Amino acid sequence: MKSRRHVLWSALVMALVVGVVAGRAATLLRYDLWYDELYSVFTALGDLGQLWQASVSDRVHPPLFYIVLWGWLKLVEPTPTLLRLLPLAGFALALGATWWAAGRIGLTSRGRGVATLAVALNPIAFDAGADLRGYALLAALVAVMIGAMHPLRPEPDSEAEPEDRKLALLIAAAVAATWTHYFAWPTVVAIAVVLVLNHRRRDAALLLGITALAFAPWLAALLGAEGEQTAAQIGWGNTLGLHDALILPGTLLAGRTPLYVMAIAAVIGWTLLVTALKRSPSRELALLVAAPPAAVVIASLALGIAIWEPRYLIGAVPPLALLLAIWSDSISPLPRIAAVALLGLSAWGAVTPADWRIPWKGITRDLAERSDGQPVYAFDGFTAIPIRYYARMEGLRLDVPEIKQWPDATTAPGWLLLRPAVFPNVPSAAARLRESGRMVVDSMASGVGTNRVEAWRFR
């Protein structure tokens with residue numbers, strides 16, 4: 001009877017996983033493609049030989065994802081749906097890799113299903129399933145690394161060749177991960193620490209040495225492209241504060257839920273991490289969960305680089321999901337209840353809309369209808385590229401030139417499109433236009449905070 005109940009629960013969990021994947025597929029276009037995603041497309045549209053230099057100019061990400069996207073664009077047209085199918089494939093790979101890793105650490109079939117469901121419902125991973133950057137791929141590679149490093153203590157009579165193969169898989173995944181995103185490095189270093197603690201110093205040395213050697217060409221290219229500018233581009237996000245640090249588990253688990261929900265998730269999450277320190281393999285997984293947030297804390301507070309963005313914690317999602325699954329496999333009912341509660345909070349965070357997303361398609365249609373063939377001037381690519389992209393996808397005639405200075409008396413009439421965050425200490429666009437002798441006859445605005453965009457029609 002118990003075995004039958006276990007099978008039924010496992011089947012239910014996997015049905016939920018399939019449902020979440022279907023939901024992710026159905027909501028791929030919930031948000032319009034934004035600048036970072038479209039810049040990735042722009043970077044990957046050239047020849048493979050030009051890709052290296054383009055990715056060096058970007059600086060924000062190492063080039064592996066651009067190479068993957070380059071290959072994808074050889075197969076499909078760059079429509080919104082087909083572009084977003086690539087991160088969806090990465091999302092599916094992350095779920096499969098988590099299922100495999102859960103089996104490697106000895107979880108039951110139900111536990112493997114819970115781990116997979118925890119990744120699927122995680123707000124950061126769920127968003128990564130539609131984000132045309134390398135985050136979903138990074139989650140998959142982290143899960144592969146976790147599976148490849150187990151068992152942590154090989155049996156004395158085990159054959160050397162299979163263990164060497166697992167080490168080779170671990171190193172290959174680490175190299176691929178560090179070439180996908182900088183925030184793979186905290187996980188790689190944490191895995192090396194785990195290997196050392198389990199008396200595998202040789203394996204740790206090989207992991208760090210080969211991965212660092214493989215990363216050296218990219219590091220040299222970055223240093224050759226002005227290191228200060230590279231740091232400025234990488235550190236474009238928010239500065240981590242004490243409040244953010246205290247609710248880090250809530251951010252990881254509950255995403256965009258109300259603050260009190262994130263606080264509840266944070267308390268349960270801290271309890272989960274503290275409990276995990278009591279035994280192996282949960283102790284090692286807790287270290288892997290802590291590594292990416294710790295790197296964010298160190299970089300944000302000690303180095304003064306503003307890099308606090310939840311998606312940078314994607315490397316902590318697979319080990320956290322595995323810890324949650326270990327809880328769900330517990331004999332005691334309290335951990336299982338807590339695991340179910342966290343899954344519910346994660347689902348809440350995954351379905352909560354991100355209010356900072358800009359509806360570029362709607363803005364483009366409005367401008368096309370109201371421009372009467374006049375140009376739409378933009379100060380930066382952040383605003384110009386999405387408008388150009390959606391104008392082309394929608395078959396709209398819209399001229400979007402980039403300008404380097406405010407329109408003056410010689411500028412042809414049209415629309416001025418900008419983000420006020422770019423010019424925080426100057427008069428409004430309307431005032432600037434009037435100062436130059438122009439008359440403002442129409443306006444529109446969309447978005448919130450630093451992602452608010454405004455358009456002013458002048459003649």
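Bear in mind that the values here come from a model prediction, so they are computed numbers and not experimental data. These numbers come from the heavy atoms of this one structure, side chains and all, not from hydrogens, waters or symmetry mates.
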| query | Between Asp127 and Arg311, is the closest basic N to carboxylate O distance under 4.0 Å? | reply | no
| said: Return the CD to OG distance between Glu454 and Ser446, rounded to the nearest 0.5 Å. | reply: 10.5 Å
| Are the side chain of Arg112 and the backbone of Ala102 linked by a donor-acceptor contact shorter than 3.5 Å? | no
| query | So with a 6.0 Å cut-off around CZ of Phe42, is the heavy-atom count from everything else above 12? | reply | no
| message | For a quick test of reading the model, state the closest non-hydrogen atom pair linking Tyr390 to Pro80 and the distance between them. | response | CE2-CG, 4.2 Å
| task | Kindly say whether Leu252 contributes a backbone atom to a donor-acceptor pair with the side chain of Asn122 at under 3.5 angstrom? | result | yes
| query | What orientation do Tyr135 and His181 show, parallel under 30°, tilted 30 to 60°, or perpendicular over 60°? | reply | tilted
| message | Could you check whether any side-chain heavy atom of Trp34 comes within less than 4.5 Å of a side-chain heavy atom of Trp356, counting everything from C-beta outward? | response | yes
| task | Answer yes or no: is there a side-chain heavy-atom contact under 4.5 Å between Thr180 and Val68? | result | no
| Any sub-3.5 Å donor-acceptor pair from Asn198's side-chain atoms to Arg200's backbone N or O? | no
| request: Mind running side chain to side chain contact (heavy atoms under 4.5 Å, CB included) on Thr211 and Trp185 for me, showing each step along the way? | output: CA-CA 9 Å; Thr211 305; Trp185 275 107; 3.6 Å; yes
| task | Report yes or no: does Thr251 contribute a side-chain atom to a donor-acceptor pair with the main-chain N or O of Ile247 at less than 3.5 Å? | result | yes
| task | Please name the pair of heavy atoms, one in Ala25 and one in Leu88, separated by the smallest distance, quoted to 0.1 Å. | result | CB-CD2, 3.9 Å
| field | Separation of Leu343 CG from Leu324 CG (nearest 0.5 Å) | value | 5.0 Å
| said: Does Arg110 form a side-chain hydrogen bond (donor to acceptor under 3.5 Å, both in side chains) with Ser328? I'd like the steps, not just the answer. | reply: CA-CA 8 Å; Arg110 183 183 65 185; Ser328 74; 5.3 Å; no
| Between Trp218 and Trp179, how do the two ring planes meet: parallel, tilted or perpendicular, split at 30° and 60°? | tilted
| For Phe382, the option from Asp36, Leu38, Ile358, Leu418 that meets side-chain contact (heavy atoms from CB on, under 4.5 Å) | Ile358
| request: Would you check if there is a donor-acceptor pair between the side chains of Arg24 and Thr27 at a distance under 3.5 Å? | output: yes
| task | Would you check if Pro62 and Ser55 make a side-chain contact, meaning some heavy-atom pair closer than 4.5 Å? | result | no
| request: Run the numbers on Leu73 and Leu83 for side chain to side chain contact (heavy atoms under 4.5 Å, CB included), then give the verdict. | output: CA-CA 8 Å; Leu73 290 173; Leu83 287 175; 3.7 Å; yes
| message | Is there a side chain to side chain contact (heavy atoms under 4.5 Å, CB included) between Ile191 and Leu287? Walk through the geometry before answering. | response | CA-CA 8 Å; Ile191 288 177; Leu287 178 58; over 6 Å; no
| said: So Met393 and Lys361, do their side chains get closer than 4.5 Å, heavy atoms only? | reply: no
| Closest approach of Ala384 and Ala378, non-hydrogen atoms and distance? | CB-CB, 3.8 Å
| message | In the structure I gave you, are the side-chain heavy atoms of Ile268 and Trp327 within less than 4.5 Å of one another anywhere? | response | yes
| Side-chain touch Leu345/Met262, heavy atoms, less than 4.5 angstrom | no
| field | Basic-acidic side-chain contact under 4.0 Å: Arg392, Glu394 | value | no
| query | Which pair of non-hydrogen atoms, one from Pro78 and one from Tyr389, has the smallest distance, and what is that distance? | reply | O-OH, 2.7 Å
| Side-chain heavy-atom pair Pro386, Asp32 within 4.5 angstrom cut-off | no
| query | If you take all heavy atoms of Leu207 and Ala174, which pair is closest and at what distance? | reply | CD1-CB, 3.6 Å
| said: Distance check, rounded to the nearest 0.5 Å: Arg283 atom CZ versus Thr275 atom OG1? | reply: 12.5 Å
| message | Please determine whether side chain to side chain contact (heavy atoms under 4.5 Å, CB included) holds for the pair Leu95 and Trp100, giving the CA-CA distance in whole Å, both sets of side-chain angles, and the decisive distance to 0.1 Å. | response | CA-CA 9 Å; Leu95 299 184; Trp100 173 74; over 6 Å; no
| said: Could you check whether Thr383 and Arg419, counting side-chain N and O atoms only, form a donor-acceptor pair closer than 3.5 Å? | reply: no
| Side-chain heavy-atom pair Val142, Ile146 within 4.5 angstrom cut-off | yes
| message | Testing the 3.5 Å rule here: is there a donor-acceptor pair between the side chains of Asp329 and Thr108? | response | yes
| task | Of all the heavy-atom pairs spanning Thr187 and Pro292, show the shortest one and how long it is. | result | OG1-CG, 3.9 Å
